[in-house]
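The model shown is predicted, which means the values in this text are computed figures rather than measured ones.
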Amino acid sequence: EEMIPAHDFCMMNGVEISFLYALSESGLLQFNMIEQVDHISSDQLPGLEKCVRLHYDMGINVEGIEAVQHLLEQIRTMQEEMNLLRSRLAIYEHTDL
């Protein structure tokens, strides 16, 4: 698993390290300590970049980002459930009665 130092991510993206620590405190980001340096796993980067855009481009605070993430997860769950129900319904629609 590829890891990037948190400080390097901040430098490359113009992000304050305190923002990353706030995300970590809220459970939206997990650090891995390697040789006394906080690192971010590469699989977290897409979600982290989304959080950065929400905060810096749209002015949404960490609590708001938590709410957005929660709502997006609910939408994903509901979409999965709808797809399951549609596939079940399709069985009955194609059955000759």
Side-chain angles (χ1 to χ4, degrees):
E1 181 175 11
E2 191 173 328
M3 306 292 269
I4 181 170
H7 186 266
D8 289 357
F9 176 86
C10 291
M11 294 296 292
M12 288 185 291
N13 293 282
V15 174
E16 296 177 19
I17 193 73
S18 60
F19 175 66
L20 297 189
Y21 289 129
L23 291 175
S24 176
E25 287 175 15
S26 71
L28 295 171
L29 177 67
Q30 294 180 351
F31 289 115
N32 297 300
M33 185 69 74
I34 301 173
E35 297 179 8
Q36 305 297 326
V37 176
D38 286 323
H39 284 72
I40 304 163
S41 64
S42 60
D43 63 337
Q44 293 188 90
L45 291 179
L48 177 55
E49 290 167 350
K50 186 183 295 184
C51 291
V52 167
R53 285 191 306 275
L54 289 170
H55 181 69
Y56 286 94
D57 295 347
M58 300 181 75
I60 299 174
N61 63 16
V62 174
E63 293 80 11
I65 294 171
E66 286 180 80
V68 168
Q69 295 291 356
H70 176 73
L71 292 171
L72 288 173
E73 183 59 35
Q74 283 185 324
I75 289 170
R76 276 190 288 276
T77 301
M78 291 171 65
Q79 286 174 332
E80 289 173 6
E81 185 177 345
M82 281 180 17
N83 289 336
L84 176 66
L85 293 172
R86 283 182 179 143
S87 67
R88 287 183 180 173
L89 182 60
I91 293 170
Y92 294 107
E93 288 177 341
H94 293 91
T95 303
D96 293 330
L97 297 177

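- Within 6.0 Å of atom CZ in Arg88, 12 or fewer heavy atoms from other residues, nucleotides or ligands are found, so the atom counts as exposed in its surroundings.
- Aromatic ring orientation, His55 versus Phe19: parallel (interplanar angle below 30°, classes split at 30° and 60°).
- For Met12, the CE atom sits in a packed shell: over 12 heavy atoms of surrounding residues, nucleotides or ligands are nearer than 6.0 Å.
- One hydrophobic cluster, built from ILVMFWY side chains closer than 4.5 Å, cannot hold both Ile34 and Phe31; they sit in different ones.
- Rounding to the nearest 0.5 Å places CD1 of Ile75 at 10.5 Å from NE2 of His70.
- The structure places CG of Leu54 at 12.5 Å from CD of Glu66, a figure rounded to the nearest 0.5 Å.
- When every heavy atom of Ile60 is checked against every heavy atom of Ile65, the shortest pair comes out as CG2-N, 3.5 Å.
- For CE of Met33, the number of neighbouring non-hydrogen atoms (other residues, nucleotides, ligands) closer than 6.0 Å is greater than 12.
- Placement of Met58 and Leu20 within a single hydrophobic cluster is found when ILVMFWY residues are connected by side-chain heavy-atom separations under 4.5 Å, directly or transitively.
- The neighbour count for Glu81 CD, taken as heavy atoms of other residues, nucleotides or ligands under 6.0 Å away, does not exceed 12.
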Expected list for residues 37-51: side-chain donor-acceptor pairs under 3.5 angstrom, two or more places apart:
residue, atom, partner, partner atom, Å
Asp38, OD2, Tyr21, OH, 2.9
His39, ND1, Val37, O, 2.9
Ser41, OG, Glu1, OE2, 3.3
Ser41, OG, Asp43, OD1, 2.4
Ser41, OG, Gln44, NE2, 3.3
Ser42, OG, Glu2, O, 3.4
Gln44, OE1, Gln30, N, 2.9
Gln44, NE2, Gln30, O, 2.7

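- In plain terms, the two heavy atoms of Val62 and Ala22 that are nearest each other are CG2-CB, 3.8 Å.
- Val52 and Val68 fall within the same hydrophobic cluster, defined by Ile, Leu, Val, Met, Phe, Trp and Tyr side-chain heavy atoms under 4.5 Å apart, directly or through other members.
- In terms of modelled atom types and a separation under 3.5 Å, the side chain of Thr77 and the main chain of Glu73 share a donor-acceptor contact.
- Between His7 and Met11, the closest side-chain pair of non-hydrogen atoms falls below 4.5 Å.
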